[in-house]
Amino acid sequence: MGDGRTRGKPLVLVASPFQGHMTPMLQLGSVLHSKGFSITIVHTKLNSPDPSNHPEFTFLPLFDNFLAIDASANFTKFCEVLNNNCKMQLQDHLTRKIKEGKEANDEMNQRITIIHDNIMYFVEEVASNLNLPSIVFRSSSASYMPAFLALPKLHAQGQLPVQDSMLQKLVPELYPLRYKDLPFNKTSTELAKEMFALAEHIRAPSAIIWNTIDFLEHSVLTKLRQHYKIPIFAIGPLNEMARGPSTSFLKEDTDCISWLDKQAPKSVIYVSLGSLATMNESELAETAWGLANSKQPFLWVVRPGSVNGSEWIEFLPEGFTEQVKGRGLVLKWAPQKEVLAHYAVGVFWSHCGWNSTLESISEGVPMICQPWMGDQCVNSRYLCYVWKVGLELENLERKVIANAIRRLLVDDEGKEMRQRAISMKEKAKYALCKGGSSFNSLNNLVEFILARF
Ligand code: UDP
C-alpha cells in the first residue's frame, strides 16, 4: 500500500453517469487506493455505483435531478444541466471538509486533490474557487482528441456533415483518418455546434490522466503533450490494472459463462454494442440474419430498449430463434470482461467504445468493428488500419456480416489477426509490469499528486 508518503492522503474522484466513464473511474480509484491514497467517489444519483462492491471507498452522491440518460436527446444540454446541478453541492461539501480540517488542525484534509471525468467540467471552477489542485481523467482514446479538436475548422470550411463522395478520402492533417472516421461525421450542423460548445467549457487542468497505453498511441500522446503543455499520464489499460468487482449498472447475466464452457475453443463470436448505441428494427433483422447465416456460435447482447420502439427482442425476425436454436444466445447484459477472457470466444463484434477496445486488446481477441458515433469511429480506424487487429464492417447487411464473421472465425485471415492481437496483449501486459510505460506513468502520477500536498 504505497510507500507511506501517500497514506490516507485524500483524493476526490468525480465520476459521470455513463457506464463507459464510471467503470474506468472506479478502476482508477482502486489503483490509487492501492497506492495508499484515501478515495472518495463523487457520483450522481443517476447510475450510482454500488458502494457494497467498494468498501474501501467513501461515496458522495450528488442530486442531479435526472431519471435516465436519453441517448437521442440533446447531449450538450444534458451535460450543461448535469454540471449546473452538481456544482454547488460539491463546492459546499469540500468547503465543509476543509473547514473541519482547519478546526481539527488536520493539514491533510485541507489539501485535497480532485480528479474529475472530463464531462464533469464544473469541477475546474470549484477547484479554482477553493484553490485545490485538479486533474482531468479521460476515458476515451487519445487519438480521438486531434480529430475532435479539428472539427470546428472542418465545420467552418463547410466539410461537415461529410458528403457521401468524401467519406473514403483521407482528411488532410489527420492521417490515417478518413472523413468517415471523423467523430460526428454524419451529425447535423446543429449537433456539431453543440459539441464544440461543450469543448469550450473544458478549461486547462493541471494534468491529464489518460486510460491508454503508450505503445498504442505514442505519437498522438506526444502531439497532445505539445498541444496542452501539461503532464499527461498514460496509465492504461485500467481494466487490467484493477481487476475488481462488477461495475455494471445493468445486471450481468452470468449464465452465459456455463454456455460458453460447452463451446469449442475460439469458436464463438461475442456481439455487443456497449451501453448507449441503438439500432432500428431493420438493423436488428440484418444483424440477426447475418449471425444465423454465418452458421457460427454466437453470444449476442441486446440491451433492453436498444432497439428503437421496443422493450427488448420482440422485433427479432420470425424464424430466427428456431434457426439458431442451440447455437446462439441472446442476453440483456454480459459480464463482458469474463466473456472476452473465455477460451471459447474467438471474435468480438463491437461498436469500438474505448473500454471495449482496451478489454479486447487485453485478451488478444480480434474484432469486427461497427462504430456508432464519436470516438468509436476513430478507434475503429486504428483497430483496422493501424493495429490490424480489426475488420471494418462495411455495411450492416446480412451477407456482409456473415462473410465478415466467417473470415475471422473460420479463415486463415482470422488466425493471422489473432496472432497480432495476442502480441498486442503481451505488449499491453508488459506496459503494466515493473519498468513498463504504464507502470512508470502511474508512479509519476503519484509523485505529481504528492508534490501538490
Ligand atoms: N459491458 C458489459 N456488458 C455488456 C456490454 C458492455 O459489461 O453486455 C461493459 C464493457 O465491458 C465496457 C462498458 O460496458 O466496460 C462499455 O464501455 P465502452 O467504452 O466500450 O462503450 P460505451 O458503453 O461507453 O459506448
Side-chain angles (χ1 to χ4, degrees), residues 6 8-18 21-22 24-26 28-29 32-33 37-49 51 57-66 69 75-104 106-140 197-211 228-233 445-446 448-453:
T6 51
K9 293 203 162 133
L11 298 183
V12 169
L13 273 55
V14 184
S16 82
F18 296 92
H21 289 231
M22 178 63 78
M25 185 60 101
L26 291 172
L28 177 65
L32 292 170
H33 181 262
F37 291 103
S38 138
I39 306 291
T40 299
I41 302 284
V42 178
H43 61 89
T44 53
K45 288 290 270 184
L46 171 68
N47 291 342
S48 296
F57 299 156
T58 304
F59 285 89
L60 174 70
L62 302 178
F63 295 87
D64 47 81
N65 282 328
F66 284 106
I69 296 171
F75 179 72
T76 327
K77 192 81 212 150
F78 174 83
C79 291
E80 217 174 285
V81 177
L82 182 71
N83 276 272
N84 286 339
N85 290 354
C86 292
K87 190 161 88 191
M88 283 324 290
Q89 294 176 66
L90 182 66
Q91 179 148 325
D92 290 350
H93 171 83
L94 292 176
T95 307
R96 230 176 11 255
K97 277 269 160 213
I98 294 167
K99 189 164 166 262
E100 282 166 16
K102 273 189 187 143
E103 282 165 5
D106 173 358
E107 191 59 36
M108 205 145 73
N109 266 320
Q110 298 171 48
R111 294 300 301 161
I112 299 165
T113 295
I114 320 181
I115 298 175
H116 70 92
D117 184 309
N118 63 287
I119 285 179
M120 307 301 266
Y121 50 77
F122 75 90
V123 172
E124 287 300 327
E125 202 177 324
V126 171
S128 143
N129 292 344
L130 301 179
N131 199 20
L132 296 176
S134 69
I135 301 175
V136 169
F137 173 55
R138 288 198 169 272
S139 51
S140 59
L198 192 62
E200 278 164 20
H201 285 293
I202 302 166
R203 297 156 194 237
S206 63
I208 304 175
I209 301 170
W210 227 300
N211 185 18
Y228 284 112
K229 298 185 177 61
I230 53 173
I232 293 180
F233 302 99
L445 170 65
V446 170
F448 180 84
I449 296 172
L450 282 175
R452 274 149 185 80
F453 270 103

*Is a donor on one side and an acceptor on the other found under 3.5 Å between the side chain of E124 and the backbone of S134?*
no

_I want to check something: taking the side chain as every heavy atom from C-beta on, are I135 and I208 in contact at a cut-off of under 4.5 Å?_
no

*Drop me the distance from M25's CE to L13's CG, to the nearest 0.5 angstrom.*
5.0 Å

_Atom pair CG (L26) and NE2 (H33), whose distance is rounded to the nearest 0.5 Å_ = 13.0 Å

_Do F37 and P10 make a side-chain contact, defined as non-hydrogen atoms from C-beta onward lying under 4.5 Å apart?_
no

_Could you measure the distance from the OG1 atom of T95 to the NZ atom of K99? Nearest 0.5 Å is fine._
10.0 Å

*Considering all heavy atoms of both residues, which atom of T44 and which atom of M120 are nearest to each other, and what is their separation?*
CG2-CE, 4.1 Å

*Could you give the distance from CG (L82) to OG (S16), rounded to the nearest 0.5 Å?*
7.5 Å

*Which word best sums up how the rings of Y228 and W210 line up, parallel for under 30°, tilted for 30 to 60°, or perpendicular for over 60°?*
tilted

*Of N211, V14, N118, the residue whose pairing with F137 passes side chain to side chain contact (heavy atoms under 4.5 Å, CB included)*: N211

*Only counting residues at least two apart or in another chain, list the ones meeting ring-ring contact (aromatic ring centres under 6.0 Å, His included) with H43.*
F59

_Just so I know, are the side chains of Q91 and N129 near enough to count as touching, which here means a heavy-atom distance under 4.5 Å?_
yes

*Would a 4.5 Å heavy-atom cut-off, applied to side chains only, mark V12 and I115 as touching?*
no

*Got T113 and L132 here, is their nearest side-chain heavy-atom distance under 4.5 Å?*
no

_By ring-ring contact (aromatic ring centres under 6.0 Å, His included) - contacts of F18 (at least two apart)_ = H21, F75, F78

*Identify the two heavy atoms, one from E125 and one from K87, that lie closest to each other, and give their separation to 0.1 Å.*
OE2-NZ, 3.3 Å

*Side chains of P231 and F448: does their closest heavy-atom pair fall under 4.5 Å?*
yes

*Measure across L62 and L90 and return the closest heavy-atom pair with its distance rounded to 0.1 Å.*
CD2-N, 4.3 Å

*Decide yes or no for I41 and T58: does some side-chain heavy atom of the first lie under 4.5 Å from some side-chain heavy atom of the second?*
no

*Does S139 offer a backbone N or O that forms a donor-acceptor pair with the side chain of D117 under 3.5 Å?*
no

_Derivation of the side-chain contact (heavy atoms from CB on, under 4.5 Å) call for L32 and L445_ = CA-CA 10 Å; L32 292 170; L445 170 65; 4.2 Å; yes

*In Å and rounded to the nearest 0.5 Å, what is the CD1 to CG distance from I98 to L94?*
6.0 Å

*asked:* Show the nearest heavy-atom pair for residues G8 and S38, with the distance to one decimal.
replied: O-CB, 3.5 Å

_With a 3.5 Å distance limit and no angle check, can you tell me whether N47 reaches the backbone of P17 through a side-chain donor-acceptor pair?_
yes

_Between NZ on residue K9 and CG on residue L450, distance to nearest 0.5 Å_ = 5.5 Å

_Nearest non-hydrogen partners of I114 and A127, listed with the distance_ = CD1-CB, 4.1 Å

*Could you go through the side-chain contact (heavy atoms from CB on, under 4.5 Å) check for E80 and Y121 one step at a time?*
CA-CA 9 Å; E80 217 174 285; Y121 50 77; 4.2 Å; yes

*Considering only heavy atoms from C-beta outward, does the side chain of L11 approach that of T40 to under 4.5 Å?*
no

